[in-house]
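Heads up, the thing below is written out as structure tokens.
Here, residue 1 is the first one in the sequence, and each next residue gets the next number.
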Amino acid sequence: MPRSTLPGELAAPAVIGRNAPLRAVQYLGNKSRVTGAIQDAVLSVRSDGRPRVLDLFSGSGVVSSALAQVVPVTAVDVQEYARVLASAAMSPSHIAFGGLLARSASRFNEVCSDANIGRLLDNEGRALAGQNLELIAQCVEHGSIAAGALGADDSGLRALAGLAAADLNRTASGTTIFRYYGGVYFSYRQSLELDMLAAEVRELPREARDSAMAALLATASALVTSVGSHFAQPPNVRQGGGAMKPKAVRSVAQRRLHDTGSTFAAWARRYNAIVPTKFDHEARREDVLEYVKQLPSDVGCAYADPPYTRDHYSRFYHVLETIATGVEEPGISMTTRGSGDLPSRGLYPLQRFQSGFSIVSRAPVELASLGHALAREGVPLVLSYSPVPETDKPRQRVLSIPQLLEILDGYYAAVEVWNVDGVRHSRLNSRALSASRIAGTEEILVLARP
Ligand SMILES: C[S@@+](CC[C@H](N)C(=O)[O-])C[C@H]1O[C@@H](n2cnc3c(N)ncnc32)[C@H](O)[C@@H]1O
């Protein structure tokens with residue numbers, strides 16, 4: 001069966017420059033375009049003699065890695081995948097990917113020696129190569145082995161997946177991505193290969209783990225077949241009336257022929273080429289509001305980029321979180337569709353972090369707590385107010401700019417607003433700040449000084 005690497009985006013560049021952050025994950029609302037302006041803003045308000053800068057809500061880690069080129073940085077995000085991405089971007093450790101790939105391939109062969117799993121992968125390979133579109137569409141819609149156990153109906157490859165699942169009851173450990181997301185977000189083969197690589201990465205010494213895990217998260221993001229390359233929902237493979245969308249299914253088939261091992265190797269090369277930063281840095285997995293309760297004395301500025309819509313990030317990146325944490329049984333939350341309860345289409349886990357910053361009634365209170373905790377310690381704040389990310393269901397922001405400024409005015413002596421346009425930025429006066437200027441497409445930085 002022909003297998004290929006992803007084009008263009010995965011070709012390893014010869015050298016990663018100091019200021020070229022890796023975009024391992026297509027992260028909604030990431031600030032890779034405006035890291036220069038953020039550096040400028042942070043340096044213009046940072047307190048003298050307190051060099052450390054916080055990257056609160058660090059997400060993809062692109063801001064942390066840019067800041068760490070010029071100042072000591074602490075990145076904080078509540079998601080483990082975000083801690084891994086920030087840590088790997090700032091503290092690269094060499095990924096010996098040849099050995100990792102060889103060991104994971106032998107694990108893979110061992111699991112595939114089970115007759116039903118072997119047959120499932122062979123039949124899937126034939127369906128993909130032969131463009132058996134109906135079978136592929138059924139996998140996307142109903143292919144999750146774990147969801148099948150919750151009572152959805154059997155058909156096509158799923159019958160085989162059911163047999164494989166029965167076998168896996170004996171050896172289920174370490175096959176979470178295969179059992180939950182195989183068929184739906186990845187091919188069964190890709191998902192099992194991701195599991196085997198994850199098992200090998202977890203066995204690495206602690207100091208070598210984050211870079212290899214980041215390369216694996218990047219691999220999962222590069223291979224996923226979904227709406228928007230995240231994990232909120234699998235691709236729509238049918239029209240409203242039930243007819244299949246052949247073009248969409250062909251594109252799923254195409255992506256599922258991409259090779260996991262060479263995709264991982266390409267990302268490992270990229271990570272291996274990162275130039276280590278000369279400043280001290282750390283990445284933490286923690287609720288921001290908990291972290292700011294006890295600030296280290298060397299913190300001279302906080303940059304914060306909270307979510308501003310009701311879409312929780314944990315919905316879009318739950319599969320990355322499962323890979324990063326190694327949770328064996330994330331479970332699947334149910335939704336009411338039609339006449340009864342069915343597994344959620346996106347296969348969301350039972351436990352997902354719900355951010356107060358994404359809840360209309362709590363967002364103002366949480367922002368006030370953040371402003372209070374930072375201002376009390378005399379720490380200036382640079383706050384992003386971002387365009388609404390383009391998601392499947394674009395939403396209104398939970399906070400308006402006048403609300404936000406009023407909250408910060410309560411804690412800070414001086415609040416200034418920058419409009420950031422690519423690398424340039426300009427100060428906004430109060431008239432420009434009126435609602436018409438903040439229409440939703442501008443990148444705004446709010447600079448608050450105690
Ligand atoms: C807008 S994104 C940040 C994007 C980031 N600046 C970048 O460039 O990639 C918001 C982030 O806030 C995190 N988050 C939401 N609520 C949080 C909380 N209470 N504590 C810590 N992190 C939180 C989410 O996990 C998400 O990664």
Side-chain angles (χ1 to χ4, degrees), residues 23-30 57 59-60 77-82 84-85 137 139-144 146-147 150 152 176-177 179-187 190-191 194 216-240 245 248-249 251-252 255-256 305-325 327 330-338 341-360 386-398:
R23 294 181 62 183
V25 173
Q26 289 195 28
Y27 209 61
L28 289 168
N30 78 79
F57 311 91
S60 65
D77 196 288
V78 76
Q79 302 283 319
E80 172 64 4
Y81 67 77
V84 168
L85 292 174
C139 281
V140 171
E141 292 173 302
H142 308 290
S144 166
L150 292 170
T176 307
I177 305 306
R179 287 180 295 118
Y180 278 80
Y181 313 116
V184 177
Y185 284 120
F186 309 101
S187 72
Q190 289 169 333
S191 58
L194 289 171
L216 185 61
L217 296 175
T219 302
S221 287
L223 296 178
V224 64
T225 35
S226 67
V227 174
S229 289
H230 45 59
F231 301 88
Q233 62 174 75
N236 291 315
V237 289
R238 293 196 199 274
Q239 320 275 10
K245 295 181 180 169
V249 184
S251 122
V252 169
R255 210 165 175 82
R256 290 189 176 188
D305 183 20
Y308 284 106
T309 73
R310 281 187 284 157
D311 285 316
H312 292 277
Y313 272 77
S314 56
R315 171 169 168 252
F316 292 91
Y317 300 102
H318 63 97
V319 174
L320 298 187
E321 189 65 354
T322 298
I323 295 175
T325 54
V327 167
I332 300 175
S333 62
M334 306 294 278
T335 49
T336 308
R337 271 188 280 153
D341 280 353
L342 286 173
S344 48
R345 245 192 105 213
L347 305 173
Y348 306 136
L350 294 172
Q351 304 289 332
R352 253 188 329 116
F353 179 73
Q354 303 286 303
S355 177
F357 287 88
S358 290
I359 297 172
V360 179
S386 318
V388 176
E390 282 182 27
T391 61
D392 46 325
K393 292 184 255 176
R395 308 257 203 197
Q396 290 296 313
R397 290 189 177 102
V398 292

Backbone N/O of F353 and side chain of Y313: donor-acceptor pair under 3.5 Å: no
Whether D77 side chain and G59 backbone form a donor-acceptor pair below 3.5 Å: yes
Backbone of A232 reached by a side-chain donor or acceptor of Y348 within 3.5 Å: yes
Side-chain donor-acceptor contact under 3.5 Å, T335 with R345: no
Residue Q354 excluded, over 12 heavy atoms near CD under 6.0 Å: yes
Separation between OH of Y27 and CZ of F316, rounded to the nearest 0.5 Å: 10.5 Å
Atom pair CD (Q79) and OH (Y317), whose distance is rounded to the nearest 0.5 Å: 11.0 Å
Distance in Å, S221 OG paired with F231 CZ, rounded so as to fall on 0.5 Å steps: 5.0 Å
Rounded distance (nearest 0.5 Å) linking atom CD of Q233 with atom CZ of R315: 7.0 Å
Side chains of S314 and R352, donor plus acceptor under 3.5 Å: yes
F57/F357 aromatic ring centres below 6.0 Å: yes
Euclidean distance, Y81 OH relative to L216 CG, rounded to 0.5 Å: 15.5 Å
Point-to-point distance, once rounded to the nearest 0.5 Å, from NE2 of H312 to CD1 of I359: 4.5 Å
Test side-chain hydrogen bond (donor to acceptor under 3.5 Å, both in side chains) applied to S355 - qualifying residues, sequence neighbours left out: none
